[in-house]
S.K.: 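First the structure, which I've put down as structure tokens, then a few questions once you've had a look.
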Amino acid sequence: MGLLIRNGEVVTVGSRAVANIYVENETITRIGRNLEGPPGTEIIDATGKLVFPGFIDPHVHIYLPFMATFAKDTHETGSIAALIGGTTTYIEMCCPNRNDDALEGYQLWKSKAEGKSACDYAFHMSVTKFVKETESQLRQVVADGTASFKIFLAYKNFFGVDDGEMYQTLELAKRLGVITTAHCENAELVARLQQKLLAEGKTGPEWHEPSRPESVEAEGTGRFATFLENAGATGYVVHLSCEKALQAAVAAKSRGVKLSVESVLPHFLLDKTYAERPGVEGMKHVMSPPLRAKENQAVLWTALANGSIDTVGTDHCPFDTEQKLLGKDSFVNIPNGIPGIEDRVNLLYTCGVKRGRLDMDRFVDAASTRAAKLFGIYPRKGTIAVGSDADLVIYDTNFRGVVSAKTHHVNNDYSGFEGTAIEGRPSVVTVRGKVQVRDGKFIGERGRGKLLKREPQHF
Ligand code: URP
Ligand code: ZN
Ligand code: ZN
């Protein structure tokens with residue numbers, strides 16, 4: 001049975017027009033003014049609403065053993081939360097640690113998602129050491145359709161790689177045509193500063209930010225860019241949080257380094273005073289890089305608007321209150337991370353587009369199209385075009401609501417954005433032509449999501 005979406009204002013990068021969209025067999029087959037479907041066609045009236053391409057979150061953690069615990073979501077809960085918030089594809093970080101076998105890790109991460117996710121998904125393959133079997137293992141991963149790597153310059157002795165391993169990864173990535181994403185903080189400086197602060201008796205969550213100051217992130221960003229430049233590889237900085245790191249990235253871009261930049265939702269909306277709240281309230285806002293001084297937010301918004309920041313992800317990584325309390329005696333033991341997968345689109349629309357910080361083109365680009373292009377799923381995803389997957393978000397700009405843990409679908413007992421007003425939400429969300437969400441409720445097919453196979457394209 002076909003699906004006809006009527007009279008919505010179809011918004012893609014560079015175009016906005018009222019049109020009908022006809023979907024057959026999971027794919028958009030016609031876009032036009034006066035389309036009709038055969039008898040039996042499912043019809044959705046989108047009059048007065050916007051129709052966006054399904055949004056793509058390029059940075060999430062679903063299964064994640066980390067800091068003596070596990071991130072809270074499963075693909076069942078995470079994908080439903082994602083869809084309710086308008087995200088129809090996410091890219092999860094596959095994160096075996098240094099002591100794990102990379103290929104076993106890759107199979108494990110795939111097994112956690114297979115048949116469980118309600119939305120489509122892909123992986124970035126973390127390279128957390130570079131040993132003799134690494135090249136052949138990574139070749140197998142890329143051949144399997146996972147055409148992006150992740151490295152951590154932070155998290156010494158766990159996920160972190162040293163400079164030699166970074167170079168080897170980038171050199172291989174260049175040969176394979178794969179993009180490498182990177183968490184850019186200087187691991188050695190973080191370790192030293194943590195020890196110094198603890199020795200001074202500074203143990204609360206408010207010391208997390210001073211243990212990884214802006215200069216530590218700027219150094220990591222600049223070093224990653226220098227390594228990309230010398231390896232001739234293509235890179236992507238994840239969760240860039242502050243002006244100093246942005247300056248390092250922009251300088252690299254302007255001298256021709258093939259570098260893209262992601263910032264994540266918390267850094268646009270929250271500042272370090274949230275992590276300075278006493279006790280567990282502060283711990284709930286501990287992530288890395290940390291929340292920064294408020295002045296950085298305006299800088300990030302401007303950079304997002306002018307394209308210096310390419311994409312907005314979430315770095316969704318939920319730990320509940322009890323887990324956060326693992327760090328009650330020392331900030332270095334607070335599990336790093338905050339949920340966001342459900343809120344990204346609505347908060348970016350509300351705080352970006354509605355507040356005049358972001359035009360509609362950049363909104364769609366940063367939250368969907370650009371990630372699809374960078375990570376090899378465009379035009380299948382990230383746009384509304386004949387031949388594209390029918391991942392569509394019919395968006396109700398008249399909706400008014402408030403973000404709250406009382407109503408969210410993420411498997412976590414708090415929201416970092418509690419009480420923030422939203423001015424718009426998806427009224428219908430489709431994944432390859434099937435309605436998965438209607439007015440804030442999941443009504444679709446669990447386990448519908450497919451692993452997206454991607455070809456290398458950064459030669
Ligand atoms: O605090 C964070 N970002 N937690 C998730 C792991 C990572 O660094 O992305
Ligand atoms: Zn990270
Ligand atoms: Zn992350």
Side-chain angles (χ1 to χ4, degrees), residues 1-12 20-23 26-28 42-58 60 73 75-91 116-122 312-314 316 340-350 353 363-364 367-369 371-372 377 380-385 388-399 401 403 407-410 422-450 452:
M1 187 178 69
L3 169 69
L4 180 64
I5 298 172
R6 272 198 181 135
N7 295 327
E9 187 174 350
V10 177
V11 186
T12 58
N20 299 347
I21 300 170
Y22 187 70
V23 175
E26 307 195 346
T27 305
I28 298 169
E42 180 181 359
I43 294 176
I44 298 175
D45 181 11
T47 306
K49 302 202 170 71
L50 303 176
V51 185
F52 292 120
F55 292 98
I56 299 169
D57 192 335
V60 309
D73 267 317
H75 283 272
E76 283 98 335
T77 58
S79 63
I80 286 174
L83 284 167
I84 286 172
T87 291
T88 53
T89 298
Y90 53 63
I91 311 183
K116 308 278 174 29
S117 178
C119 66
D120 287 350
Y121 60 94
V312 177
T314 54
H316 176 76
I341 203 166
E342 191 167 346
D343 306 314
R344 179 184 64 125
V345 171
N346 294 334
L347 288 175
L348 200 59
Y349 180 78
T350 302
V353 178
F363 169 67
V364 177
S368 179
T369 312
I377 48 176
R380 178 173 174 193
K381 309 286 189 189
T383 193
I384 298 175
S388 296
D389 281 358
D391 295 351
L392 299 164
V393 176
I394 302 175
Y395 202 76
D396 178 3
T397 57
N398 293 319
F399 178 82
V403 175
T407 49
H408 74 191
H409 300 80
V410 168
I422 52 170
E423 300 177 21
R425 79 163 180 193
S427 102
V428 174
V429 179
T430 68
V431 174
R432 286 176 279 107
K434 172 145 186 52
V435 175
Q436 294 285 73
V437 167
R438 228 177 240 283
D439 298 323
K441 287 193 180 55
F442 181 76
I443 55 157
E445 182 188 328
R446 289 165 195 267
R448 177 171 177 73
K450 280 190 183 158
L452 302 171

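The structure displayed is predicted, hence computed values, not measured ones.
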S.K.: Applying salt bridge (charged side-chain N to carboxylate O under 4.0 Å, His left out), run through Asp45 and Arg6 and close with a yes or a no.
M.R.: CA-CA 5 Å; Asp45 181 11; Arg6 272 198 181 135; over 6 Å; no
S.K.: Using atom types as modelled and distance alone, determine if a side-chain donor or acceptor of Asp439 lies under 3.5 Å from a backbone N or O of Val428.
M.R.: no
S.K.: Under a 4.0 Å N-O cut-off, is there an ion pair linking Glu342 with Arg425?
M.R.: no
S.K.: Rounded at 0.5 Å granularity, tell me how far CZ in Arg438 sits from CD1 in Ile84.
M.R.: 14.0 Å
S.K.: How far apart are the C-alpha atoms of Leu392 and Ile28, what are their side-chain angles, what is the distance that settles it, and do they pass the side chain to side chain contact (heavy atoms under 4.5 Å, CB included) test?
M.R.: CA-CA 10 Å; Leu392 299 164; Ile28 298 169; 4.2 Å; yes
S.K.: Rounded to the nearest 0.5 Å, what separation is found between the NZ atom of Lys434 and the CD1 atom of Ile443?
M.R.: 7.0 Å
S.K.: With rounding to the nearest 0.5 Å, note down the distance linking CZ in Arg432 to CD in Glu26.
M.R.: 4.5 Å
S.K.: Rounded to the nearest 0.5 Å, how far apart are CZ of Phe442 and SG of Cys119?
M.R.: 9.5 Å
S.K.: Looking at Ile44, Ile21, Val11, which one forms a side chain to side chain contact (heavy atoms under 4.5 Å, CB included) with Val51?
M.R.: Ile21
S.K.: Heavy atoms only: give me the nearest Ile422-Val403 pair and the separation to one decimal.
M.R.: CG2-CG2, 3.9 Å
S.K.: Enter the distance from Leu347:CG to Thr314:OG1 here, rounded to the nearest 0.5 Å.
M.R.: 11.5 Å
S.K.: Can you check side chain to side chain donor-acceptor pair (under 3.5 Å) on Asp343 and His408, steps first, answer last?
M.R.: CA-CA 9 Å; Asp343 306 314; His408 74 191; 5.3 Å; no
S.K.: Which class fits the ring pair Phe55 and Phe363: parallel under 30°, tilted 30 to 60°, perpendicular over 60°?
M.R.: tilted
S.K.: Using side chain to side chain contact (heavy atoms under 4.5 Å, CB included), reason through Leu50 and Tyr349 one step at a time and then give a plain yes or no.
M.R.: CA-CA 12 Å; Leu50 303 176; Tyr349 180 78; 4.2 Å; yes
S.K.: What's the verdict on side chain to side chain donor-acceptor pair (under 3.5 Å) for Thr87 and Asp57, showing C-alpha distance, side-chain angles and the deciding distance?
M.R.: CA-CA 7 Å; Thr87 291; Asp57 192 335; 5.2 Å; no
S.K.: Give a yes or no on whether the backbone of Asp389 and the side-chain of Thr27 come within a donor-acceptor separation of less than 3.5 Å.
M.R.: no
S.K.: Give me the one residue out of Thr369, Asp120, Thr88 that meets side chain to side chain donor-acceptor pair (under 3.5 Å) with Lys381.
M.R.: Asp120
S.K.: I'd like to know whether CZ of Arg448 has more than 12 heavy-atom contacts from other residues, nucleotides or ligands below 6.0 angstrom.
M.R.: yes
S.K.: Strictly below 4.0 Å, N to O, side chains only: are Asp396 and Lys49 in salt-bridge contact?
M.R.: no
S.K.: Quick check against the 3.5 Å criterion: does His409 have a side-chain atom that pairs as donor or acceptor with the backbone of Ala81?
M.R.: no
S.K.: After noting the C-alpha distance and the side-chain angles of Tyr395 and Asn346, does the key distance pass the side chain to side chain donor-acceptor pair (under 3.5 Å) rule?
M.R.: CA-CA 10 Å; Tyr395 202 76; Asn346 294 334; 2.7 Å; yes
